[in-house]
Amino acid sequence: MALVTTNPTINEGPLFAEVDMGSDFNAPTVRATVVQASTIFYDTPATLDKAERLLAEATSYGSQLVVFPEAFVGGYPRGSAFGLSIGNRTVKGREEFRKYHSAAIDVPGPEVDRLAAMAGKYKVHLVMGVIERDGYTLYCTVLFFDSQGHYLGKHRKIMPTALERVIWGFGDGSTIPVFETPVGKIGAAICWENRMPLLRTAMYAKGVEIYCAPTADARDVWQASMTHIALEGGCFVLSANQFCRRRDYPPPPEYVFAGTEVDLTPDSVVCAGGSVIISPLGAVLAGPNYDGEALISADLDLGEIARAKFDFDVVGHYSRPEVLSLTVKDHPTNPVTFTSTSTKIEDKTK
């Protein structure tokens, strides 16, 4: 696994203990890593094994926070059309969805327990992209764990993009968390929902300091979005993407990249990565990397947040709430609510 870092002493072992976020005038420094690696598609146990190997390697370099890509556990079904056309679904497409559903994980569930155990074992804060299974609906989700091995909560992608909307459900306002941790206030938005200004504003209002952006977008223009968010929010931005070749997916005819399969070889790059870490003042601290699977690390000087907010605090001194304001509906939106569960049934035999 390649390591990309701005610190030449990275191989000397763990450098930082758990930081104290108290009132000390010397701002703490946090070592963070974004993982750029591929899922083992349709094989969730093997993917979890790979995640643990990567986590162990990252923490051996002193990482205190590790961020994995969008849909790392469960897989991002790049290129698949699931046999869909308007008004029609194919038998093969239905079977593809069955297998994809089988590879997803329940939250909570045994895979979540294993991820929590990993975080505790390696004493690291973990942000993990998964495909969440809730009955027969799937969600693109990010899970958060602290360094003591506790599951903190989740964020469900509120707006899947394009054909993603056919296979994934929509998250609601109840899962837009920002968690206060010993290494800073951590939140996440997934892929193109990072381009939704109101969602970003909600996260800024919750005080996000380390803004995680797991993604599937490897285009050069993605870097502009990440830099803008760092400057706008006065926060560190950690964007993790997979690096995948055609051989990282099942071969045809089991799995077909619609419209492009004939042009692909096993070594063809189907997702080039571009994972990056950016400071609150817009400086690129590590990455973007387009060369292969890698651990991309940087040391985050949390004092940079105050220095950046001095210039621009989007929900503070640079806001105009009497002119522009935002209301977030942050309650769960359930399709069915039963009101009779607490009502006593009258005994009509009396």
Side-chain angles (χ1 to χ4, degrees), residues 1-5 32-80 99-107 109-133 138 140-145 147 149 151 188 190 212 214-216 218 238-251 254-255 266-267 269-275 287 289-297:
M1 175 64 64
L3 178 77
V4 180
T5 178
T33 295
V34 293
V35 173
Q36 181 164 288
S38 67
T39 302
I40 301 174
F41 213 80
Y42 290 153
D43 193 338
T44 297
T47 298
L48 289 170
D49 290 343
K50 182 174 183 177
E52 180 160 9
R53 292 194 299 272
L54 294 167
L55 197 63
E57 186 172 355
T59 56
S60 74
Y61 300 126
S63 292
Q64 299 159 271
L65 169 65
V66 178
V67 181
F68 279 76
E70 176 179 12
F72 184 79
V73 177
Y76 186 82
R78 184 175 301 277
S80 178
K99 290 192 289 186
Y100 190 54
H101 177 271
S102 181
I105 67 171
D106 296 327
V107 180
E111 294 84 3
V112 177
D113 292 343
R114 182 174 177 190
L115 289 167
M118 289 182 204
K121 177 180 179 180
Y122 297 103
K123 307 299 182 189
V124 66
H125 294 78
L126 172 62
V127 178
M128 175 64 73
V130 307
I131 300 303
E132 176 191 358
R133 180 177 56 224
L138 303 179
C140 184
T141 298
V142 168
L143 306 180
F144 300 85
F145 303 87
S147 61
Y151 167 62
I190 306 169
C212 303
T215 189
L238 281 59
S239 183
N241 194 6
Q242 298 194 33
F243 183 94
C244 306
R245 298 184 185 275
R246 176 62 185 89
R247 64 171 179 260
D248 293 316
Y249 287 82
E254 179 184 4
Y255 192 102
D267 288 330
V269 175
V270 296
C271 183
S275 302
N289 181 288
Y290 298 99
D291 298 328
E293 294 199 342
L295 300 176
I296 298 153
S297 298

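Residue indices begin at 1 and follow the sequence shown. Values in this document were obtained by computation on a predicted structure and should not be read as measured data. The figures that follow rest on heavy atoms only: side chains count, while hydrogens, waters and symmetry mates do not.
Contact detail for D106 and E111: the closest heavy-atom pair is N-OE1, 4.4 Å. Closest approach of Y42 to A103, counting heavy atoms only: CA-CB, 4.2 Å. Between A58 and V66, the shortest heavy-atom distance links the atoms CB-CG2, 3.9 Å. Taking every heavy atom of both residues into account, A32 and S63 meet most closely at C-OG, 4.4 Å. Nearest heavy-atom pair across T215 and S239 is CG2-OG, 3.7 Å. Minimum heavy-atom separation, A218 to A272: CB-N, 3.7 Å.
T47 places a side-chain N or O within donor-acceptor distance of the main-chain N or O of I40, the cut-off being under 3.5 Å. No side-chain donor-acceptor contact under 3.5 Å links S102 to the backbone of K99. No donor-acceptor pair closer than 3.5 Å links the side chain of R246 to the backbone N or O of V270.
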- request: Decide yes or no on side-chain hydrogen bond (donor to acceptor under 3.5 Å, both in side chains) for E52 and Y122, but give the supporting numbers first.
  value: CA-CA 9 Å; E52 180 160 9; Y122 297 103; 3.2 Å; yes
query: Do R53 and K50 pass the side chain to side chain contact (heavy atoms under 4.5 Å, CB included) test, and can you show the C-alpha distance, the side-chain angles, and the key distance before you say yes or no?
result: CA-CA 5 Å; R53 292 194 299 272; K50 182 174 183 177; 3.5 Å; yes
query: Can you list the steps and then say if L115 with F68 is a side chain to side chain contact (heavy atoms under 4.5 Å, CB included)?
result: CA-CA 12 Å; L115 289 167; F68 279 76; over 6 Å; no
field: V269 vs F243, side chain to side chain contact (heavy atoms under 4.5 Å, CB included): CA-CA, chis, key distance, verdict
entry: CA-CA 8 Å; V269 175; F243 183 94; 3.9 Å; yes
Stepwise side chain to side chain contact (heavy atoms under 4.5 Å, CB included) test for E132 and L143: CA-CA 10 Å; E132 176 191 358; L143 306 180; 5.9 Å; no
message: Before you tell me yes or no, could you show the steps for Q242 and T39 under side-chain hydrogen bond (donor to acceptor under 3.5 Å, both in side chains), namely the whole-Å CA-CA distance, both residues' side-chain angles and the distance that decides it to 0.1 Å?
response: CA-CA 8 Å; Q242 298 194 33; T39 302; 3.1 Å; yes
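Residue C271 holds its SG atom at 9.5 Å from CD of E70, rounded to the nearest 0.5 Å. Note that OG1 of T33 and CD1 of I296 are 9.0 Å apart. Values are rounded to the nearest 0.5 Å. The CG atom of L126 sits 12.0 Å away from the OH atom of Y151 when rounded to the nearest 0.5 Å. Remark: L54 CG to D49 CG distance equals 11.0 Å, nearest 0.5 Å. Here the straight-line distance linking atom CE of M128 with atom CD1 of I105 works out to 9.0 Å at 0.5 Å rounding. Atom SG of C244 and atom CD of Q36 lie 9.0 Å apart (nearest 0.5 Å).
Between Y255 and Y249, the ring planes lie tilted relative to each other; the angle falls in the 30° to 60° range.
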